[in-house]
Amino acid sequence: MRHLRAAAAITLAVSVVAGVTACGGGTSSDGGSNESPKTLTYWASNQGPSIEADKKILTPELKKFEKETGIKVKLEVVPWADLLNRILAATTSGQGPDVLNIGNTWSASLQSTGALLPWDDENFEAIGGRDRFIDSAVASAGKEGEPPAAVPLYSLSYALYYNKKMFADAGITAPPATWDQLVEDGRKLSKDGKWALGAEGSNLSNNIHQTFVLGQQHGADFFDEQGKADFTSDGAVAAVKQYVDFMAKDRIIAPGNAEYAQNQSLTDFAKGRTAMVLWQAAATTFAAQGMKPEDWGVAPVPVPAGAPGAGKQTNSMVAGINMAVFRNTRNIDGAKMFVKFMTSDAEQKILCKTYGSIPPVKAAQSDPAFAAPELKVLRDTLATSAAPLPQVPNESQFETAVGTAVKELFADAAAGNPVTTESVKARLEKAQQTMQG
């Protein structure tokens, strides 16, 4: 999911959804029904460079669906800054779409409202079966042990992007495979006003993505088996400290990155001010900022030792967009037909190529387009070494509470204040109290 842009309003979201039942959604008064499925309303997330670009991309595909089924789809592309609040308002007002995109990290939180159609075996069969989808993508669609609240639509994972010229100038012949190597290389790269690694220190979601992965490598899940917050375990504290220490101790992240929250680290990378960045599907952004494909390389995100995928060698969270259906839609059959169309092999190839994402549909991944170096790294990571964020009802609060703690620690590091194990634990204790309060 491009939910690096969606960190705001999460606390409000969870406080609202906690008391909501399946009372909303559905086709507007001029829409269709199972008996007369004339129209569907679809809220798409803003995946492209602009709302208008998304409309140009999606409209021809929706016309295909109309031609095949006779069902017209009314499209609205909703900005990420507005999407979650719009969804929550729809669950309470009853004035919502039939089908909508959701960030996959919101799945369990929205599932707990009861407003979304559960994708049980029967509903999955209506769109071709659950086994068409990558397991890790389905695992990010709702709480374990319950039918998913949505269907994977676009999948993403993290990779390490590196500037080839800056590496060559520093005498580095290959991207780092471990964190120790990254720090060692980073010290060679951080000189003459340039820095090794970019970060988005004020972006709560990005903070969570990075520290969650490091937490997995340290054996920490941030929640216990009962779904209770567990932010102060030795592994969780070590993970957060390791991430902030890239600035505070290792000095391979520029202090100014503590204030970044709007993808400025990508601009720094594209302008040759930073040699590496951890990101999801960054190629189109680099191209838009004047980089040529031969200027940069891509590699798996580092692990403590060895290679990703073995034991505690998780190196990415499962990122992406899911597609959900409001449970109370009067056109449930048409809605499922639309989900089937959007997740068909053909549409997955078209849409994921356009958006630079990985198809969560297995068969679509055979297209040669997804064998390009960048997408191959993202695809292999998604299949072998990515883990979903905790699928618990208060996951959104987790993003806010711990993401804010990391933001504050980056601010301490940028100001030259010491970042110790004790100070990290104190911030995480405060975050845990916020969750429990």
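Atoms considered below: every heavy atom in the structure, side chains included; atoms not considered: hydrogens, waters and symmetry mates. The structure presented is a predicted model; accordingly, all values stated were derived computationally and were not measured. All residue numbers in this chain count up from 1 along the given sequence.
No side-chain donor from either of Gln217 and Thr314 sits under 3.5 Å from a side-chain acceptor of the other. Side-chain contact of Ser202 with Glu259: a donor-acceptor pair under 3.5 Å is absent, judged by distance alone. Side-chain contact annotation: Glu429 with Thr232, donor-acceptor N/O pair under 3.5 Å absent. Judged purely by distance below 3.5 Å, without hydrogens or angles, the side chains of Asn123 and Lys336 pair a donor atom with an acceptor atom.
Judged by distance alone, with hydrogens and angles left aside, the side-chain atoms of Ser93 form a donor-acceptor pair with the main-chain N or O of Gln95 at under 3.5 Å. With hydrogens and angles disregarded, a donor-acceptor distance shorter than 3.5 Å links the side chain of Thr59 to the backbone of Lys55. For the pair Asn322 (side chain) and Ser140 (backbone), a donor-acceptor distance under 3.5 Å is present. Panel note: side chain Gln348, backbone Met342; a donor-acceptor pair is recorded below 3.5 Å. A donor-acceptor pair is defined here as one N or O able to donate and one able to accept, closer than 3.5 Å; no such pair exists between the side chain of Asp250 and the backbone of Ile252. Remark: side-chain polar atoms of Thr329 are not paired, donor with acceptor, to backbone N or O of Phe326 under 3.5 angstrom. Remark: side-chain polar atoms of Asn394 are not paired, donor with acceptor, to backbone N or O of Gln397 under 3.5 angstrom. Between the Ser136 side chain and the Leu382 main chain, a donor and an acceptor come within less than 3.5 Å of each other. Counting only distance, with no hydrogens or angles, the side chain of Thr113 and the backbone of Leu110 share a donor-acceptor pair below 3.5 Å. Proximity of a side-chain donor or acceptor of Thr274 to a complementary backbone N or O of Phe269 within less than 3.5 Å is not detected.
Using a 30° and 60° split on the angle between ring planes, Phe286 and Trp296 fall in the perpendicular class, above 60°.
One finds the CZ atom of Arg187 at 12.5 Å from the CG atom of Leu189 (value rounded to the nearest 0.5 Å). For the atom pair Met323 CE and Asn101 CG, the distance stands at 5.5 Å (nearest 0.5 Å). For the atom pair CD of Gln433 and CG of Leu428, the computed distance is 11.0 Å after rounding to the nearest 0.5 Å. One finds the CD1 atom of Ile102 at 9.5 Å from the CG atom of Leu84 (value rounded to the nearest 0.5 Å). One distance of note links CG of Asn46 with CD1 of Ile51; it measures 4.0 Å at 0.5 Å rounding.
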Would you sort out whether Ser45 and Gln47 count as a side-chain hydrogen bond (donor to acceptor under 3.5 Å, both in side chains), showing the intermediate values?
-> CA-CA 6 Å; Ser45 50; Gln47 300 301 120; 2.7 Å; yes

When you look at Gln289 and Thr267, which way does the side-chain hydrogen bond (donor to acceptor under 3.5 Å, both in side chains) test go after all the steps?
-> CA-CA 7 Å; Gln289 299 202 27; Thr267 300; 3.3 Å; yes

Verdict with supporting geometry, Asp245 and Lys241, salt bridge (Lys or Arg N to Asp or Glu O under 4.0 Å) = CA-CA 6 Å; Asp245 269 350; Lys241 188 173 189 301; 2.7 Å; yes

Hey, mind stepping through Gln280 and Ser157 against side-chain hydrogen bond (donor to acceptor under 3.5 Å, both in side chains) and telling me if it holds?
-> CA-CA 6 Å; Gln280 311 168 19; Ser157 63; over 6 Å; no

Given Lys349 and Asp345, is the salt bridge (Lys or Arg N to Asp or Glu O under 4.0 Å) satisfied, shown in steps?
-> CA-CA 6 Å; Lys349 291 176 183 178; Asp345 295 355; over 6 Å; no

Decide side-chain hydrogen bond (donor to acceptor under 3.5 Å, both in side chains) for Tyr260 and Asp268; before the verdict, give the C-alpha distance in whole Å, the side-chain angles of both, and the deciding distance to 0.1 Å.
-> CA-CA 11 Å; Tyr260 284 5; Asp268 284 352; 2.7 Å; yes

Intermediate values then yes/no, ring-ring contact (aromatic ring centres under 6.0 Å, His included), Tyr42 and Phe338 | CA-CA 10 Å; Tyr42 173 42; Phe338 183 51; 5.0 Å; yes

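The pair Asp367-Lys353 counts as a salt bridge, with a side-chain nitrogen and a carboxylate oxygen less than 4.0 angstrom apart. With salt bridges taken as basic N to acidic carboxylate O contacts below 4.0 Å, none links Lys72 and Glu66. Using a 4.0 Å cut-off between a side-chain N of Lys or Arg and a carboxylate O of Asp or Glu, Lys425 and Glu422 do not qualify as a salt bridge. A salt bridge is absent between Asp131 and Lys362; no separation between the charged side-chain nitrogens and carboxylate oxygens falls under 4.0 Å.
By the 6.0 Å and 45° rule, Arg86 stacks over the aromatic ring of Trp43.
For Asp169, the side-chain hydrogen bond (donor to acceptor under 3.5 Å, both in side chains) partners at least two apart in sequence or on another chain are Lys165.
You'll find the ring centres of Phe222 and Phe212 outside the 6.0 Å limit. Less than 6.0 angstrom separates the ring centroid of Phe223 from the ring centroid of Phe398. The aromatic ring centroids of Trp80 and Trp106 lie less than 6.0 Å from each other. Tyr355 has its ring centre less than 6.0 Å from the ring centre of Tyr154. Here Phe246 and Trp179 bring their ring centres to under 6.0 angstrom of each other.
Residues Lys164 and Tyr162 form a side-chain contact, since some pair of their non-hydrogen atoms from C-beta on lies under 4.5 Å apart. Side-chain contact check for Ser109 versus Pro393: every heavy-atom pair is 4.5 Å or farther apart. With a 4.5 Å cut-off on side-chain heavy atoms, Ser107 and Gln111 do not count as touching. A 4.5 Å side-chain heavy-atom check between Phe410 and Asn257 finds every atom pair outside the cut-off. When side chains are defined from C-beta on, Gln216 does not count as touching Asn315, because their heavy atoms never get closer than 4.5 Å. Taking the side chain as every heavy atom from C-beta outward, Arg273 and Trp195 never approach each other to under 4.5 Å. Between Asn207 and Tyr243 there is a side-chain heavy-atom pair separated by less than 4.5 Å. You'll find the side chain of Gln391 stays beyond 4.5 Å of the side chain of Glu144, heavy atoms only.
Smallest separation of non-hydrogen atoms from Val402 and Ala431: N-CB, 4.2 Å.
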